[in-house]
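The first residue in the sequence is number 1, and the count goes up from there.
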Amino acid sequence: MSWLGDHSGLVTTLINYVPIVATIITCIFSLVLARATLRQVEATDKGLALAREEFEREWAPELHIKLRRLSATELEIYVTNLAKASVLLGVLQFRNLTGARPFEKCTLNDPLIGGMTWTESIGERLTGMTGKDFDGIVDISITFFAAGRMFRTDWFRFHVLIHNGHFMRADAITLPARRVKVAHVHEQPAELELVKDVVSAENKLDEE
């Protein structure tokens, strides 16, 4: 007791510093906890981003177009649904800016289940657009419906060689640089795109 009496000032000072030390320790633990929480949030965000990307990769509509020469007079188009979601094929478009008939399209109403392939013979339709003797580039695009919205693929480009009405080759030379894009139904994008392409082709002819 005598020692406490002699050092009462020191003891009082120590007691006064206890809340300060406790506050400092609490702040340090709070900073550590906040940093750990931020790391957890960042990890959660990255996980959600990866899950969203995986979901979009599997369920976002994506079509692949391929031409296959079955014989000298038979040419088929293969449209593969790379996604899991089913789609409804709407309009099949052909583009040939070097011919007298640069554009051709046909209306479809065929469902395509995810992972499946739709085929159709296009030999007569293609020769009707290009002629029986042709050596050039043909672009193909398709408009389709998925999840209540209209989409259109980019143009798939093929080198087609036709001699005397016989298909000598139909090889893919490029793949689209972008995925499908959403098109608004009320604007009728397939028809608008066709009109724009025709105007562009006419302007090129006028410049030449």
Problem set entry | Whether Phe151 and Phe144 hold their rings parallel, tilted or perpendicular, with breakpoints at 30° and 60° | parallel
For this session: Please find out if less than 6.0 Å separates the ring center of His163 from that of Phe134.
Result: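 No, they do not, as the ring centres are separated by 6.0 Å or more.
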For this session: Report the C-alpha distance between Arg95 and Trp155 in whole Å, list the side-chain angles of each, state the deciding distance to 0.1 Å, and finish with yes or no for side-chain contact (heavy atoms from CB on, under 4.5 Å).
Result: CA-CA 9 Å; Arg95 183 171 66 178; Trp155 293 98; 3.3 Å; yes
Check whether [X] reaches the backbone of [Y] with its side chain - one donor and one acceptor, N or O, closer than 3.5 Å.
X: Arg69; Y: Glu74; result: no
X: Asp133; Y: Asn164; result: yes
X: Asp45; Y: Ala49; result: no

Please determine whether residues [X] and [Y] belong to a single hydrophobic cluster, defined as Ile, Leu, Val, Met, Phe, Trp and Tyr linked transitively by side-chain heavy-atom distances below 4.5 Å.
X: Tyr78; Y: Leu92; value: no
X: Met116; Y: Leu108; value: yes
X: Ile65; Y: Ile113; value: yes

Where is the tightest heavy-atom contact between [X] and [Y], given as atom of each residue plus distance?
X: Pro102; Y: Met129; result: O-SD, 4.1 Å
X: Ala146; Y: Pro61; result: CB-CB, 4.1 Å
X: Leu112; Y: Asn81; result: O-ND2, 3.2 Å
X: His159; Y: Gly136; result: CD2-O, 3.2 Å

For this session: Could you check if a side-chain atom of Ile173 sits within less than 4.5 angstrom of a side-chain atom of Ile137, using non-hydrogen atoms only?
Result: yes
For this session: Decide yes or no for Leu70 and Leu75: does some side-chain heavy atom of the first lie under 4.5 Å from some side-chain heavy atom of the second?
Result: no
Seminar exercise, completed: Which of Ile77, Val79, Leu126, Thr153 passes side-chain contact (heavy atoms from CB on, under 4.5 Å) with Ile140? Answer is Ile77
Rounded distance (nearest 0.5 Å) linking atom [atom1] of [X] with atom [atom2] of [Y]:
X: Ser71; Y: Glu76; atom1: OG; atom2: CD; answer: 9.5 Å
X: Ile28; Y: Thr23; atom1: CD1; atom2: OG1; answer: 11.0 Å
X: Ile162; Y: Met168; atom1: CD1; atom2: CE; answer: 11.0 Å
X: Thr44; Y: Glu42; atom1: OG1; atom2: CD; answer: 10.0 Å
X: Ile142; Y: His64; atom1: CD1; atom2: NE2; answer: 13.0 Å
X: Leu89; Y: Asn109; atom1: CG; atom2: CG; answer: 9.0 Å

Exercise. What's the verdict on side-chain contact (heavy atoms from CB on, under 4.5 Å) for Asn96 and Asp139, showing C-alpha distance, side-chain angles and the deciding distance?
Worked result: CA-CA 7 Å; Asn96 169 31; Asp139 296 339; over 6 Å; no
For this session: Verify side-chain contact (heavy atoms from CB on, under 4.5 Å) between Phe94 and Thr130, making sure each step is shown before the conclusion.
Result: CA-CA 10 Å; Phe94 301 88; Thr130 61; over 6 Å; no
Exercise. Among pairs that include at least one residue of residues 108-123, which meet salt bridge (Lys or Arg N to Asp or Glu O under 4.0 Å), considering only residues two or more places apart or in two chains?
Worked result: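 Sorted result for residues 108-123: empty, none.
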For this session: May I have the step-by-step check of side-chain contact (heavy atoms from CB on, under 4.5 Å) for Glu104 and Gln93, ending in yes or no?
Result: CA-CA 6 Å; Glu104 180 71 22; Gln93 300 181 75; over 6 Å; no
